[in-house]
Amino acid sequence: MGGDRGRLTGPAEQVAPGLLGALLVAGPVSVRLTEVEAYAGEADPGSHAFRGRTPRNAVMFGPPGHAYVYFSYGMHWCLNVVTGPEGAASAVLLRGAEVVEGIEVARERRPGAPDRDLCRGPARLTRALGVSGEHGGLDLLDGRSPLRLVLPGAPAGAVRTGPRVGVAGEGAATPWRFWLDGEPTVSAYRPAVRRARAGGSPP
DNA sequence: ACGCCGATGTCCT
DNA sequence: GGACATCGGCGTT
């Protein structure tokens with residue numbers, strides 16, 4: 001059978017809500033996912049795969065269940081789970097979670113943060129878990145992996161949807177952000193900033 | 001609630 | 001060469 005890898009094979013926006021409630025394990029710290037976003041391949045203007053394959057996004061074009069980790073704004077790491085069949089270049093960004101084990105370690109990594117903020121936001125999540133570029137490409141479904149994903153045995157609860165954070169333009173129309181209703185660890189919605197384009201802005 | 005920036009890799013021109 | 005990034009922390013209202 002396909003098992004958990006089969007559950008990650010399919011359109012990213014259909015796979016994504018199934019990740020809510022999943023356990024993500026990184027050494028001493030375990031978290032339960034409460035918020036995710038789907039990025040659906042080369043046709044999705046919000047996706048890193050939109051302009052085709054590059055060295056950075058190559059993992060997205062591989063088999064499902066692997067970690068796509070990228071560096072942003074000169075200081076943050078963000079973690080995605082590759083989904084869909086191999087070649088689909090789809091992924092789900094992990095945006096929010098609740099720490100269920102190893103909270104002492106997570107607190108040390110996020111000094112001063114209230115517990116509900118430890119993993120509230122994609123870059124906060126990677127910091128609390130100690131995830132960085134070296135985790136890129138890991139098979140999250142391999143029991144020996146230092147970064148592991150355990151899918152939920154049953155639907156996690158009421159799922160809400162809305163537009164993705166930080167995605168502007170056409171990609172902003174698709175409500176491919178998913179979160180668990182009522183969870184305090186879901187990040188605040190922040191509309192994407194439309195920057196002025198070089199070469200002429202309207203008066 | 002909102003505004004301002006940081007500090008650097010990636011990719012387009 | 002240069003825009004800009006799947007963002008976050010800190011400051012001010």
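A, B, ... follow the sequence lines: proteins, then strands. Residue 1 opens every chain. It should be emphasised that the depicted structure is a prediction, and the values quoted were computed from it without experimental measurement.
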Next on the checklist: With a 4.0 Å cutoff (strictly under), does any side-chain N or O of A:Arg124 reach OP1 or OP2 of C:dG9?
Outcome noted: yes

Checklist entry - Considering only side-chain heavy atoms of A:Ser72, which listed nucleotide, B:dC11, C:dA5, C:dG9, is closest? => result C:dA5

Next on the checklist: Rounded to whole Å, please give me the gap between CZ in A:Arg51 and P in C:dA3.
Outcome noted: 16 Å

Item to check | Over 12 non-hydrogen atoms of neighbours within 6.0 angstrom of CZ in A:Arg110 | outcome: yes

Checklist entry - Tell me: CG of A:Asn57 to C1' of B:dC12, nearest whole Å? => result 14 Å

Item to check | Rounded interatomic separation in angstrom, taking CG from A:Leu125 and C1' from C:dG8 | outcome: 14 Å

Checklist outcome for this item: When rounded to whole Å, the NE2 to C1' distance for the pair A:His76 and B:dG6 reads 8 Å

Next on the checklist: What is the distance, to the nearest angstrom, from the OH atom on A:Tyr73 to the C1' atom on C:dA5?
Outcome noted: 5 Å

Checklist entry - Under 4.0 angstrom, heavy atoms only, what part of the nucleic acid is A:Arg190 near: base, sugar-phosphate, or nothing? => result base

Checklist entry - Which base sits across from C:dG8 as a Watson-Crick or G-U pair, both distances under 3.5 Å? => result B:dC5

Next on the checklist: Distance alone, cut at 3.5 Å: any donor-acceptor contact between the side chains of A:Thr185 and A:Thr34?
Outcome noted: yes

Item to check | side chain to side chain contact (heavy atoms under 4.5 Å, CB included) between A:Ile103 and A:Leu118, intermediate numbers included | outcome: CA-CA 9 Å; A:Ile103 197 165; A:Leu118 287 173; 3.8 Å; yes

Item to check | Spacing of A:Met75 atom CE relative to B:dG9 atom C1', expressed in whole Å | outcome: 12 Å

Next on the checklist: Applying a 4.0 Å non-hydrogen cut-off, can you work out what A:Arg56 is touching in the nucleic acid: base, sugar-phosphate, or nothing?
Outcome noted: sugar-phosphate

Next on the checklist: What is the separation between atom CH2 on A:Trp77 and atom C1' on C:dC7, rounded to the nearest whole Å?
Outcome noted: 14 Å

Checklist entry - Could you state the CG-P distance from A:Asn80 to C:dC7, rounded to the nearest angstrom? => result 11 Å

Next on the checklist: So A:Arg127, base contact, sugar-phosphate only, or nothing? Heavy-atom distance under 4.0 Å.
Outcome noted: nothing

Checklist entry - Which nucleotide in the set B:dC11, C:dG9, C:dA5 lies at the smallest distance from any side-chain heavy atom of A:Thr54? => result B:dC11

Checklist entry - Can we say A:Asp115 and A:Arg107 salt-bridge, meaning some charged N sits less than 4.0 Å from an Asp/Glu carboxylate O? => result yes

Checklist entry - With no hydrogens and no angle check, do the side chains of A:Glu35 and A:Ser187 hold a donor and an acceptor under 3.5 Å apart? => result yes

